[in-house]
Novice: 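Dumping the structure here so I can ask a few things about it.
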Amino acid sequence: MAAPVPPSGLKEAVDFIAITPPKAMVLVGLGFVGGLLSGFFGTGGAFIMTPGMMGLGVPGIAAVGANITHKFGKALVGAFKHREMGNVDVRLVLSMFIALFAGTQLAVSINKGIFKAMGEAGSNLYISICYVLLLTAVAYYMGKDLRRNGKVRQRTNQTGPTLLDRIYNLKIPPVVNYRVANTTVSLWLVLLVGLLTGYLAGTIGIGGFVGVPAMIYLLRVRAVIAAGTELGMAIFSGAYGAFSYALGGFVDLRLVLLLYLGSLVGIQIGAIATKAVKEAQIKMVIVLVVAIVAVSRALAVPAYLSDLGYLALSTGARGFLLSASNIFLYGSATAGAILILVWFFQALTGARASNAWESDLVVHP
Amino acid sequence: MAHVHSENAGISRAANGGVQHLLLPVFLGIAVAAVYCLVFLGFDTIKPVLTKGTYAPLLIFPIVLLVCGLYGSTVSYFLKPMEQAIDNYTAKHREA
């Protein structure tokens with residue numbers, strides 16, 4: 001859900017890289033994996049695309065610019081696909097929208113303050129710590145919930161209401177009914193989730209990793225509706241971000257178009273795959289990806305501490321930790337994408353075996 | 001004999017329908033390819049507009065929307081049979 005604003009004072013033209021066929025193929029692949037994850041659980045493209053493009057030699061700001069512009073169109077196609085399947089609660093999108101922007105602006109101000117006070121290493125450290133704490137908390141809670149659900153199914157003894165149950169039941173007026181999401185909840189809670197998601201989007205650039213679980217657990221929205229609604233919000237934040245970066249002259253249109261070649265296929269396969277899986281499987285992929293990304297960021301923390309002089313680390317050890325961090329980052333996306341593809345093709349094979357696949361060219365004399 | 005004739009006519013009708021069904025995605029695919037060719041082959045021409053920034057959104061947004069509309073529809077067209085198959089399969093599965 002990130003809608004970062006390009007840093008002011010960066011008006012000089014960026015170098016647009018030469019695109020060779022191997023680089024083009026990598027970009028299409030990055031787009032496909034990012035699209036697959038976004039289509040399946042509403043978020044997950046940005047965290048591999050930006051570092052992936054930077055790895056190809058694209059300047060950081062141009063990578064973010066291309067990613068955010070690409071996100072706008074990808075969210076548009078994904079949200080339409082999910083809406084077609086009845087998975088987007090437009091009312092919820094509109095309710096969370098303003099709070100989301102306020103949260104993003106708040107995070108950008110805090111980030112700028114930290115950058116001024118502690119420099120780039122301090123800013124990297126702050127972002128990484130936020131990543132580790134929040135994503136670990138999300139993965140831990142969701143993992144616990146998945147295990148608990150499994151146990152509840154086996155033994156139907158009910159435990160008392162959890163903290164999240166109590167928060168959900170605090171129906172402070174105005175209380176709004178969201179028909180598509182099938183939830184009746186205090187508007188204040190919706191605004192709080194929007195603010196939190198926006199804040200994290202502005203801080204770590206992937207608010208959806210927290211926004212989708214927050215919708216599932218705090219607002220009691222089904223995972224598939226949370227994914228569709230998240231994509232609905234991403235249209236607006238993507239458009240805003242794309243406009244800001246385009247005005248700054250940081251958008252390389254060729255990168256955006258190459259990402260689309262993969263992502264518009266991936267996002268539709270991801271959305272269709274949600275039909276073939278159970279709610280718990282969607283949550284399982286979120287837990288898996290979020291947990292591995294948290295490990296990836298945790299590995300990078302000592303390197304940033306060493307940059308700030310708080311930890312003595314050799315150049316080799318620093319390089320090793322950053323490489324391991326990148327391996328985990330790409331590994332999380334690859335693992336998630338493989339799982340989604342396996343379920344998608346399993347469903348297709350099942351459909352073929354049970355003759356559910358009816359040819360368009362059936363002859364009716 | 002009449003039955004065979006009717007069957008052949010049916011096949012022919014179905015085949016014509018199939019070709020007609022393919023016309024739209026083929027047309028969309030050609031349109032997408034044209035947009036990509038224009039951007040990649042004429043990149044040196046549009047680069048000053050992209051890097052200066054002021055008019056960049058006016059160039060970027062229409063192209064992004066065009067590509068998403070054309071390419072998104074083409075992909076959706078080809079994935080539709082798979083989606084329907086999964087729908088039927090999951091519906092049968094639920095009934096069972």
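Convention: sequence-line order gives letters A, B, ...; per-chain numbering from 1.
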Novice: Quick check: are there more than 12 heavy atoms from other residues, nucleotides or ligands sitting under 6.0 Å from CZ of A:F80?
Specialist: no

Novice: Where do A:K275 and B:T90 come nearest, in terms of heavy atoms and distance?
Specialist: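 That closest heavy-atom pairing would be O-CG2, 3.4 Å.
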
Novice: Taking distance alone, no hydrogens or angles, what donor-acceptor pairs closer than 3.5 Å link side-chain atoms of residues 259-270 of chain A to residues at least two apart or in another chain?
Specialist:
| from | atom 1 | to | atom 2 | distance (Å) |
| --- | --- | --- | --- | --- |
| A:Y260 | OH | A:T69 | O | 3.3 |
| A:Y260 | OH | A:H70 | O | 3.2 |
| A:Y260 | OH | A:G73 | N | 3.2 |
| A:S263 | OG | A:H70 | NE2 | 2.9 |
| A:S263 | OG | A:L259 | O | 3.3 |
| A:Q268 | NE2 | B:G72 | O | 3.0 |

Novice: Distance from A:F250 atom CZ to B:T51 atom OG1, nearest 0.5 Å?
Specialist: 10.5 Å

Novice: Under 6.0 Å from the CZ atom of A:F243, do we count more than 12 heavy atoms belonging to anything else shown?
Specialist: no

Novice: Side chains of A:F344 and B:M82: does their closest heavy-atom pair fall under 4.5 Å?
Specialist: yes

Novice: At a 4.5 Å cut-off on heavy atoms, which part of B:F61 comes close to chain A: side chain, backbone, both, or neither?
Specialist: side chain

Novice: So how far is it from A:F72 CZ to B:C68 SG, rounded to the nearest 0.5 Å?
Specialist: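 It comes to 7.5 Å.
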
Novice: Nearest heavy-atom pair of B:I86 and A:A276: which atoms, and what distance?
Specialist: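 Closest approach of B:I86 to A:A276: CG2-CB, 3.9 Å.
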
Novice: From A:I272 CD1 over to B:K80 NZ, what is the distance, rounded to the nearest 0.5 angstrom?
Specialist: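 Nearest 0.5 Å value for the CD1-NZ distance: 7.5 Å.
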
Novice: Could you tell me whether B:Y55 atom OH has more than 12 heavy atoms of other residues or ligands within 6.0 Å of it?
Specialist: no

Novice: Can you confirm whether A:L76 sits close enough to B:V64 that some side-chain heavy atom of one is under 4.5 Å from a side-chain heavy atom of the other?
Specialist: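 A:L76 does not reach B:V64 side chain to side chain.
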
Novice: When only heavy atoms count and the cut-off is under 4.5 Å, which of residues 35-42 of chain B reach chain A?
Specialist: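 At a heavy-atom separation under 4.5 Å, chain A is reached by B:Y36, B:V39, B:F40.
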
Novice: Of all heavy-atom pairs between A:A351 and B:A85, which one has the smallest distance, and what is that distance?
Specialist: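 In this case the closest contact between A:A351 and B:A85 is CB-O, 3.7 Å.
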
Novice: Using a 4.5 Å cut-off on heavy atoms from C-beta on, say whether the side chain of A:D252 contacts that of B:F43.
Specialist: yes

Novice: Side chain, backbone, both or neither: which part of A:L253 has an atom under 4.5 Å from a heavy atom of chain B?
Specialist: both

